[in-house]
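Presented below is the structure to which this report refers.
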Amino acid sequence: MLGLMQDWPLRCHRIIDHAALFHANREVVSRSVEGPIHRTTYAAIRTKALKTAQALEAEGIRVGDRVATLAWNTGRHLEVWYGILGCGAVYHTVNPRLFPEQIAYIVGHAEDRVLFTDLTFVPLLEKLADKLPTVERYIVLTDAAHMPQTSLKNAVAYEDWIAGFDGDYAWKEVDENAAAGMCYTSGTTGNPKGVLYSHRSNVLHSMAALQVDMLGLSSNDVVMPVVPMFHANGWSLAFGMPMAGSKCVMPGAKMDGASIHELLESEGVTCTAAVPTIWLMLLQHLEETGGKLSTLKKVVIGGSACPRAMTKKFQDTYGVEVIHAWGMTEMSPLGTLCSLKPAYAKLTGDARLDVQEKQGHPPFTIEMKITDDEGNPLPWDDKTFGRLKVRGPAITSSYFKGEGGEILDEEGYFDTNDVGTIDQEGYLRITDRSKDVIKSGGEWISSIDLENLAVGHPDVAEAAVIGIAHPKWDERPLLIIVRKEGREVEAGDILDFMKGKIANWWMPDAVAFVDEIPHTATGKIQKTTLREQFHDYKFTDA
Ligand code: ADP
């Protein structure tokens with residue numbers, strides 16, 4: 001017997017409809033790419049999204065076509081995001097920090113027909129245009145007054161392009177399983193691969209992510225997504241904020257410490273989210289200026305491991321709660337968040353930080369397991385490392401155009417390529433990416449744990465650990481350090497600082513100092529480049 005409930009397909013544009021009705025005047029504030037602060041509302045965003053959908057359809061864009069955006073977080077980006085998916089097309093957020101050849105590759109692979117771009121990226125696209133044969137028109141996210149002279153094909157200023165449309169448009173009633181969005185993983189090995197989100201997966205993921213133990217956003221929150229919309233589905237905040245009716249503050253192109261701090265304070269932001277490198281810049285700025293965080297309550301930190309020292313600083317010095325999060329493009333992207341369940345809620349001091357160093361527990365909709373290399377499940381004892389595998393309605397089942405072949409195991413789990421432990425409470429601790437874990441004498445050493453510990457030293461700006469071939473142990477850890485400006489710290493000082501805080505056999509065999517550690521387009525330490533750089537490195541006693 002079937003239930004007698006209504007069939008109400010989970011389509012993403014219902015989210016902006018909801019916001020425009022029930023949170024109509026809630027503000028969306030942006031630092032515009034042109035410069036000034038721009039204010040609009042969810043109701044106005046919806047109207048412009050409708051015009052965008054109308055204009056795209058007039059352009060010949062049909063259900064399932066891919067439409068790219070190369071843009072910062074702004075209200076306009078939000079308008080076209082909903083406009084694209086609202087006409088049944090697929091928003092494809094392109095990361096402008098990728099190498100130009102990678103951008104050309106993914107735009108070609110996705111067969112993007114229209115490309116929305118911020119002013120910032122017009123020069124980049126002009127150089128690249130020859131290599132983007134699928135793009136029929138470029139729409140510059142600006143108005144006539146700021147529109148530059150450009151050689152880009154059929155280029156038009158966005159505000160002009162939609163000006164002729166009235167927004168009298170009915171969203172396309174696609175199947176809830178139809179594609180709505182797409183994002184390529186940055187492809188640390190091989191070419192980037194496309195992850196294709198559906199309307200249903202986005203809606204379910206955002207609802208799961210909004211739970212109190214997860215992002216916990218409410219209509220009283222003022223949310224600033226610093227994490228770009230082009231990074232891993234924007235951590236689903238473009239859906240979560242309007243779904244909850246939170247005020248939205250978009251930082252545009254400026255993500256330095258001073259600019260972020262200014263917006264946090266001037267707009268009364270209560271919750272924000274980004275990768276650790278952003279918070280490093282903010283904390284440095286606050287240290288230099290003596291600035292305060294007077295309204296911020298919660299900062300979500302993920303994308304790479306949040307160092308303990310950062311959590312401590314936010315919480316003890318600024319009274320801001322840190323929520324450590326883990327996820328990946330393939331998971332829409334949130335996997336776990338480290339809110340404190342009753343078993344941990346009363347912990348204080350170091351014991352609390354010990355838990356917060358973990359990546360946390362998943363919401364309903366995500367199943368997890370850790371296995372050995374043969375696929376046998378491993379115990380949840382907080383100690384045993386295993387390959388982390390996940391299953392759920394917002395987790396990819398295969399990559400676009402079948403790249404990478406079959407990616408699920410026989411039980412339908414996706415191998416995250418992360419290695420971690422799970423504790424008795426179901427809290428995940430990521431110890432490494434499977435290719436970065438250091439294999440010493442048949443045991444595994446976590447490069448992330450060593451890095452987190454080393455950055456706790458007051459003279460260390462950044463730390464990376466890679467495995468170096470060793471005749472006896474197979475691999476041993478090399479600690480690579482960037483000193484804070486003007487500091488003189490030496491190898492022995494750092495190793496002394498680490499001693500006693502980890503097992504002796506985990507201690508790095510040597511420390512190398514560098515001026516800079518290379519980063520990927522999403523702000524992560526680029527271990528592949530470091531491994532090339534230290535390819536010929538030999539330990540002196542090996
Ligand atoms: P890309 O690989 O393209 O940079 P993703 O955002 O999809 O983009 O990367 C996901 C990966 O980032 C995860 O598989 C994991 O290795 C790493 N990661 C994300 N969050 C954390 C975290 N909190 N701690 C440690 N690693 C993390």
Side-chain angles (χ1 to χ4, degrees), residues 93-99 102-103 105-106 182-195 197 205 214 227-237 273-279 299-308 310-311 322-339 355-362 366 368 370 385 387-390 394-396 399 403-404 407 414-421 427-437 446-452 455 464-465 518-529:
T93 48
V94 181
N95 184 344
R97 297 188 187 122
L98 292 171
F99 291 119
Q102 282 179 318
I103 295 180
Y105 172 83
I106 66 173
M182 136 183 264
C183 189
Y184 279 70
T185 60
S186 43
T188 28
T189 52
N191 273 326
K193 295 188 200 66
V195 177
Y197 309 109
H205 177 270
M214 298 292 128
V227 53
M229 288 160 78
F230 56 72
H231 181 196
N233 208 21
W235 296 9
S236 81
L237 287 165
V275 294
T277 26
I278 294 286
W279 305 125
V299 53
V300 183
I301 306 182
S304 44
C306 174
R308 184 186 184 96
M310 180 173 282
T311 305
V322 168
I323 303 283
H324 193 188
W326 165 83
M328 59 198 313
T329 306
E330 289 89 336
M331 297 180 74
S332 296
L334 298 174
T336 60
L337 275 88
C338 197
S339 60
V355 176
Q356 290 188 295
E357 241 178 311
K358 297 179 182 179
Q359 279 73 4
H361 57 106
I366 292 177
M368 300 195 303
I370 44 173
F385 291 26
R387 301 180 76 97
L388 176 65
K389 299 177 184 172
V390 291
I395 297 169
T396 192
Y399 291 105
E403 297 289 337
I407 55 170
F414 168 74
D415 189 334
T416 62
N417 274 313
D418 282 333
V419 172
T421 63
Y427 279 57
L428 168 72
R429 190 168 62 91
I430 296 287
T431 50
D432 253 311
R433 286 199 166 189
S434 52
K435 53 192 175 302
D436 296 337
V437 72
S446 156
S447 67
I448 294 184
D449 281 3
L450 298 184
E451 288 159 6
N452 281 345
V455 289
V465 173
H519 290 101
T520 67
T522 47
K524 288 168 204 177
I525 295 174
Q526 200 156 36
K527 298 254 169 119
T528 41
T529 313

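Both ligands and their constituent atoms are indexed starting at 1 by order of listing. All values reported here derive from a predicted model rather than from experimental measurement. We count residues from 1, following the sequence as given.
At a heavy-atom cutoff of 4.0 Å, ligand 1 is contacted by both the backbone and the side chain of Met328.
Using a 4.0 Å heavy-atom cutoff, Pro333 is absent from the residues neighbouring ligand 1. Ligand 1 has Asp418 within reach: a non-hydrogen atom of the residue lies less than 4.0 Å from it. Not a single heavy atom of Met331 sits under 4.0 Å from any atom of ligand 1.
Interface atoms of ligand 1 facing Gln359, defined by a heavy-atom separation under 4.0 Å, are 22 (C), 23 (N), 24 (N), 25 (C). Near Thr185, the atoms of ligand 1 lying under 4.0 angstrom from a non-hydrogen atom of the residue are 3 (O). Taking every heavy atom of Gly327 and a limit of under 4.0 angstrom, the matching atoms of ligand 1 come to 10 (C), 11 (C), 13 (C), 19 (C), 20 (N). Every atom of ligand 1 with a heavy atom of Ala325 under 4.0 Å away is listed here by number and element: 20 (N), 22 (C), 23 (N).
Comparing heavy-atom distances from atom 18 (N) of ligand 1 across Gly420, Gly335, Cys306, Gly303 singles out Gly303 as nearest. Here atom 12 (O) of ligand 1 lies nearest to Lys524 when heavy atoms of Gln526, Arg429, Lys524 are compared.
Rounding to the nearest 0.5 Å gives a distance of 8.0 Å between OH of Tyr197 and OG1 of Thr396.
Under the 3.5 Å distance criterion, with hydrogens and angles disregarded, a donor-acceptor pair is assigned to the side chains of Asp432 and Ser447.
Remark: side-chain polar atoms of Asn233 are paired, donor with acceptor, to backbone N or O of Ser332 under 3.5 angstrom. In this structure a side-chain-to-backbone donor-acceptor pair under 3.5 Å is missing from Thr93 to Cys183.
Residues passing the ring pair (Phe, Tyr, Trp, His ring centres under 6.0 Å) test with Tyr427 are Tyr344, His361, sequence neighbours excluded. Remark: Phe414 engages no residue in a ring pair (Phe, Tyr, Trp, His ring centres under 6.0 Å) (not counting sequence neighbours).
Salt-bridge annotation for Glu357 and Arg308: present, with a side-chain N of the basic residue lying under 4.0 Å from a carboxylate O of the acidic one.
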